[in-house]
S.K.: 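I am attaching a structure below and will ask some questions about it afterwards.
Below, chains carry the letters A, B, ... as their sequence lines are ordered, and counting in each starts from 1. The shown structure was predicted, so the numbers you read here are calculated from the model rather than taken from an experiment.
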Amino acid sequence: AQSVSQHNHHVILSEAASLELGCNYSYGGTVNLFWYVQYPGQHLQLLLKYFSGDPLVKGIKGFEAEFIKSKFSFNLRKPSVQWSDTAEYFCAVNAWTGTASKLTFGTGTRLQVTL
Amino acid sequence: GAVVSQHPSRVICKSGTSVKIECRSLDFQATTMFWYRQFPKKSLMLMATSNEGSKATYEQGVEKDKFLINHASLTLSTLTVTSAHPEDSSFYICSFKTAGGGNEQFFGPGTRLTVL
(Lines give C-alpha, C1' and ligand atoms only; values in the text may rest on other atoms or scores of the structure.)
Protein backbone atom coordinates (compact mmCIF):
# COMPACT_ATOMS: atom_id res chain seq x y z
CA ALA A 1 0.00 0.00 0.00
CA GLN A 2 1.19 3.50 -0.71
CA SER A 3 2.14 5.86 2.07
CA VAL A 4 2.95 9.55 2.23
CA SER A 5 5.36 11.17 4.67
CA GLN A 6 5.52 14.82 5.55
CA HIS A 7 8.55 15.38 7.70
CA ASN A 8 7.72 18.81 9.06
CA HIS A 9 4.74 18.80 11.38
CA HIS A 10 4.88 22.42 12.43
CA VAL A 11 6.84 25.15 10.74
CA ILE A 12 7.12 28.73 11.96
CA LEU A 13 8.48 31.36 9.60
CA SER A 14 8.70 35.10 9.48
CA GLU A 15 7.11 36.94 6.60
CA ALA A 16 9.29 37.02 3.49
CA ALA A 17 11.20 33.91 4.50
CA SER A 18 11.49 31.09 2.00
CA LEU A 19 9.50 27.91 2.48
CA GLU A 20 10.16 24.31 1.64
CA LEU A 21 7.91 21.53 2.90
CA GLY A 22 9.02 17.98 2.38
CA CYS A 23 6.88 15.18 1.00
CA ASN A 24 7.98 11.65 0.24
CA TYR A 25 5.86 8.77 -0.89
CA SER A 26 6.31 5.06 -1.19
CA TYR A 27 4.86 3.52 -4.30
CA GLY A 28 6.63 2.10 -7.29
CA GLY A 29 4.03 2.62 -9.97
CA THR A 30 2.57 5.62 -11.74
CA VAL A 31 1.37 8.32 -9.40
CA ASN A 32 -0.37 11.64 -9.50
CA LEU A 33 0.80 14.10 -6.86
CA PHE A 34 -1.03 16.91 -5.15
CA TRP A 35 -0.57 19.60 -2.57
CA TYR A 36 -3.67 20.83 -0.79
CA VAL A 37 -4.02 23.74 1.62
CA GLN A 38 -6.55 24.09 4.41
CA TYR A 39 -6.89 27.60 5.79
CA PRO A 40 -8.29 27.91 9.32
CA GLY A 41 -11.97 27.09 9.27
CA GLN A 42 -12.04 26.44 5.55
CA HIS A 43 -12.14 23.40 3.31
CA LEU A 44 -9.33 21.79 1.41
CA GLN A 45 -8.18 23.66 -1.65
CA LEU A 46 -5.91 22.43 -4.38
CA LEU A 47 -2.59 24.29 -4.53
CA LEU A 48 -1.02 22.38 -7.38
CA LYS A 49 -0.84 18.98 -9.00
CA TYR A 50 1.52 16.87 -11.03
CA PHE A 51 0.26 14.32 -13.53
CA SER A 52 3.04 14.17 -16.12
CA GLY A 53 5.46 16.33 -18.09
CA ASP A 54 7.59 19.06 -16.56
CA PRO A 55 8.46 17.91 -13.03
CA LEU A 56 8.50 21.50 -11.80
CA VAL A 57 4.89 22.45 -11.25
CA LYS A 58 3.64 25.93 -10.53
CA GLY A 59 0.47 26.42 -8.56
CA ILE A 60 -1.62 29.20 -7.16
CA LYS A 61 -0.42 31.95 -4.83
CA GLY A 62 3.22 31.64 -5.86
CA PHE A 63 3.67 28.04 -4.75
CA GLU A 64 5.59 25.49 -6.75
CA ALA A 65 6.63 21.88 -6.29
CA GLU A 66 9.21 19.65 -7.86
CA PHE A 67 8.66 15.98 -8.57
CA ILE A 68 11.90 14.03 -8.23
CA LYS A 69 11.07 10.51 -9.27
CA SER A 70 14.37 9.01 -8.13
CA LYS A 71 13.81 10.35 -4.64
CA PHE A 72 10.06 9.67 -4.52
CA SER A 73 9.67 13.26 -3.45
CA PHE A 74 7.34 16.15 -4.21
CA ASN A 75 8.50 19.07 -2.08
CA LEU A 76 6.50 22.28 -1.91
CA ARG A 77 8.28 25.62 -2.14
CA LYS A 78 7.55 29.30 -2.00
CA PRO A 79 10.29 31.95 -2.24
CA SER A 80 8.67 34.44 0.10
CA VAL A 81 5.81 33.56 2.43
CA GLN A 82 3.10 35.91 3.58
CA TRP A 83 1.13 36.03 6.79
CA SER A 84 -1.91 34.87 4.82
CA ASP A 85 -0.11 31.61 4.01
CA THR A 86 -0.71 30.47 7.58
CA ALA A 87 -2.55 27.18 7.09
CA GLU A 88 -2.28 23.40 7.11
CA TYR A 89 -0.63 21.88 4.04
CA PHE A 90 -1.27 18.34 2.90
CA CYS A 91 0.64 16.35 0.36
CA ALA A 92 -1.37 13.62 -1.36
CA VAL A 93 -0.57 10.83 -3.75
CA ASN A 94 -3.01 9.12 -6.07
CA ALA A 95 -1.95 5.64 -7.07
CA TRP A 96 -3.59 2.69 -8.72
CA THR A 97 -4.26 -0.53 -6.84
CA GLY A 98 -5.67 -3.03 -9.26
CA THR A 99 -8.38 -1.28 -11.25
CA ALA A 100 -9.10 1.47 -8.74
CA SER A 101 -7.14 4.51 -7.71
CA LYS A 102 -6.81 5.82 -4.20
CA LEU A 103 -5.74 9.16 -2.83
CA THR A 104 -3.53 8.94 0.24
CA PHE A 105 -2.77 11.99 2.33
CA GLY A 106 0.26 12.84 4.38
CA THR A 107 -0.18 13.85 8.00
CA GLY A 108 -0.01 17.51 7.15
CA THR A 109 2.29 20.39 8.00
CA ARG A 110 1.05 23.32 9.95
CA LEU A 111 2.64 26.52 8.70
CA GLN A 112 2.58 29.55 10.93
CA VAL A 113 3.82 32.80 9.43
CA THR A 114 4.62 35.60 11.83
CA LEU A 115 4.68 39.27 11.06
CA GLY B 1 -12.80 24.43 -9.93
CA ALA B 2 -15.85 22.38 -9.24
CA VAL B 3 -18.07 23.26 -6.31
CA VAL B 4 -19.06 20.75 -3.65
CA SER B 5 -21.38 21.51 -0.78
CA GLN B 6 -22.02 19.67 2.46
CA HIS B 7 -24.95 19.94 4.79
CA PRO B 8 -25.01 20.45 7.67
CA SER B 9 -21.74 22.19 8.34
CA ARG B 10 -21.98 21.45 12.02
CA VAL B 11 -24.14 19.06 14.01
CA ILE B 12 -24.34 18.23 17.68
CA CYS B 13 -26.32 15.17 18.70
CA LYS B 14 -26.91 12.90 21.64
CA SER B 15 -25.29 9.52 21.88
CA GLY B 16 -27.37 6.82 20.21
CA THR B 17 -28.94 8.99 17.57
CA SER B 18 -28.28 8.78 13.85
CA VAL B 19 -26.96 11.66 11.81
CA LYS B 20 -27.18 12.12 8.05
CA ILE B 21 -24.69 14.25 6.16
CA GLU B 22 -25.37 15.30 2.59
CA CYS B 23 -22.78 16.01 -0.04
CA ARG B 24 -23.70 17.61 -3.33
CA SER B 25 -21.77 18.52 -6.44
CA LEU B 26 -23.21 21.78 -7.64
CA ASP B 27 -21.87 22.21 -11.14
CA PHE B 28 -20.80 18.81 -12.39
CA GLN B 29 -21.79 15.16 -12.39
CA ALA B 30 -19.60 12.89 -10.34
CA THR B 31 -19.15 9.23 -11.05
CA THR B 32 -17.08 8.51 -8.00
CA MET B 33 -17.18 9.99 -4.58
CA PHE B 34 -15.24 9.60 -1.37
CA TRP B 35 -15.86 10.11 2.32
CA TYR B 36 -12.98 11.06 4.57
CA ARG B 37 -12.65 11.54 8.27
CA GLN B 38 -10.26 14.04 9.76
CA PHE B 39 -9.26 13.90 13.41
CA PRO B 40 -7.96 17.03 15.13
CA LYS B 41 -4.45 17.86 13.96
CA LYS B 42 -4.40 14.71 11.86
CA SER B 43 -4.58 13.90 8.21
CA LEU B 44 -7.60 12.86 6.22
CA MET B 45 -8.36 9.20 6.37
CA LEU B 46 -10.36 7.63 3.57
CA MET B 47 -13.43 5.87 4.89
CA ALA B 48 -15.09 4.63 1.72
CA THR B 49 -15.36 5.01 -2.01
CA SER B 50 -18.58 4.74 -3.93
CA ASN B 51 -19.64 4.77 -7.52
CA GLU B 52 -23.10 5.95 -8.50
CA GLY B 53 -25.57 3.12 -8.49
CA SER B 54 -23.36 0.60 -6.75
CA LYS B 55 -22.43 -0.25 -3.19
CA ALA B 56 -19.68 1.62 -1.44
CA THR B 57 -16.27 0.07 -0.89
CA TYR B 58 -15.14 0.57 2.68
CA GLU B 59 -11.58 0.88 3.88
CA GLN B 60 -10.23 -1.62 6.33
CA GLY B 61 -11.40 -0.89 9.84
CA VAL B 62 -14.43 1.17 8.82
CA GLU B 63 -17.75 -0.40 9.87
CA LYS B 64 -20.10 -0.38 6.92
CA ASP B 65 -23.14 -0.92 9.13
CA LYS B 66 -22.23 2.10 11.20
CA PHE B 67 -21.35 4.45 8.38
CA LEU B 68 -24.03 4.02 5.74
CA ILE B 69 -23.25 5.55 2.38
CA ASN B 70 -25.80 6.12 -0.32
CA HIS B 71 -24.61 7.47 -3.64
CA ALA B 72 -28.10 8.30 -4.80
CA SER B 73 -27.29 10.17 -7.99
CA LEU B 74 -24.46 11.75 -9.92
CA THR B 75 -24.78 14.88 -7.77
CA LEU B 76 -25.71 13.58 -4.33
CA SER B 77 -24.17 11.30 -1.77
CA THR B 78 -25.13 10.83 1.86
CA LEU B 79 -23.27 9.50 4.86
CA THR B 80 -25.36 8.34 7.80
CA VAL B 81 -23.63 7.78 11.09
CA THR B 82 -25.90 5.30 12.84
CA SER B 83 -26.19 5.13 16.61
CA ALA B 84 -23.50 7.75 17.02
CA HIS B 85 -21.18 7.65 20.02
CA PRO B 86 -18.73 10.25 21.34
CA GLU B 87 -15.82 8.50 19.62
CA ASP B 88 -17.54 9.22 16.29
CA SER B 89 -17.06 12.92 16.88
CA SER B 90 -14.91 14.13 14.03
CA PHE B 91 -14.74 16.22 10.89
CA TYR B 92 -16.26 14.41 7.92
CA ILE B 93 -15.32 15.50 4.43
CA CYS B 94 -16.67 14.33 1.10
CA SER B 95 -15.10 14.65 -2.29
CA PHE B 96 -16.08 13.96 -5.86
CA LYS B 97 -14.15 12.86 -8.86
CA THR B 98 -15.45 13.39 -12.37
CA ALA B 99 -15.36 10.89 -15.18
CA GLY B 100 -13.28 13.06 -17.45
CA GLY B 101 -11.40 15.02 -14.84
CA GLY B 102 -8.36 12.85 -14.43
CA ASN B 103 -7.63 12.04 -10.85
CA GLU B 104 -8.34 15.35 -9.24
CA GLN B 105 -10.83 15.32 -6.41
CA PHE B 106 -13.00 18.23 -5.40
CA PHE B 107 -13.62 18.51 -1.70
CA GLY B 108 -16.59 19.68 0.26
CA PRO B 109 -16.23 22.10 3.17
CA GLY B 110 -16.70 19.36 5.74
CA THR B 111 -19.15 18.62 8.54
CA ARG B 112 -18.15 18.90 12.17
CA LEU B 113 -19.96 16.17 14.13
CA THR B 114 -20.01 16.34 17.91
CA VAL B 115 -21.67 13.50 19.79
CA LEU B 116 -22.47 14.22 23.41
S.K.: Taking atom CG of A:Leu44 and atom OH of B:Tyr36, what is their separation to the nearest 0.5 Å?
M.R.: 9.5 Å
S.K.: Which residues, numbered in order, of residues 106-115 of chain A come under 4.5 angstrom of chain B by heavy-atom distance?
M.R.: A:Gly106, A:Thr107
S.K.: Side-chain heavy atoms under 4.5 angstrom apart, residues restricted to Ile, Leu, Val, Met, Phe, Trp, Tyr: same cluster for B:Phe91 and A:Phe105?
M.R.: yes
S.K.: Are B:Phe34 and B:Leu68 grouped together when hydrophobic residues (ILVMFWY) are joined by side-chain heavy atoms under 4.5 angstrom apart?
M.R.: no
S.K.: If you look at every heavy atom in B:Gln105 and A:Tyr36, which pair is closest and at what distance?
M.R.: O-OH, 3.4 Å
S.K.: Within a radius of less than 6.0 Å around NE2 of B:His85, do more than 12 heavy atoms belonging to other residues, nucleotides or ligands occur?
M.R.: yes
S.K.: Give a yes or no on whether B:Met45 and B:Leu113 share a hydrophobic cluster (residues Ile, Leu, Val, Met, Phe, Trp, Tyr; joining criterion: side-chain heavy atoms under 4.5 Å apart).
M.R.: no
S.K.: Taking side chain as everything from C-beta outward and backbone as N, CA, C, O, which of these in A:Gln6 sits under 4.5 Å from a heavy atom of chain B? Side chain, backbone, both or neither.
M.R.: neither
S.K.: Nearest 0.5 angstrom please: A:Leu46 CG to B:Phe107 CZ, how far?
M.R.: 9.0 Å
S.K.: Between B:Gln38 and chain A, with a heavy-atom cut-off of 4.5 Å, which part of the residue counts as in contact: side chain, backbone, both or neither?
M.R.: side chain
S.K.: Same hydrophobic cluster for A:Leu19 and A:Tyr39, using side-chain heavy-atom links shorter than 4.5 Å among ILVMFWY?
M.R.: yes
S.K.: Using the rule that Ile, Leu, Val, Met, Phe, Trp and Tyr join whenever any side-chain heavy atoms are under 4.5 Å apart, tell me whether B:Leu74 and B:Ile69 fall into a single cluster.
M.R.: no
S.K.: Check whether any side-chain heavy atom of B:Glu59 sits under 4.5 Å from a side-chain heavy atom of A:Lys102, and report yes or no.
M.R.: yes
S.K.: Can you tell me which portion of B:Leu44 sits under 4.5 Å from chain A's heavy atoms? Options are side chain, backbone, both or neither.
M.R.: both
S.K.: Strictly less than 4.5 Å between heavy atoms, which residues of residues 84-92 of chain A line up against chain B? Please order them by number.
M.R.: A:Phe90
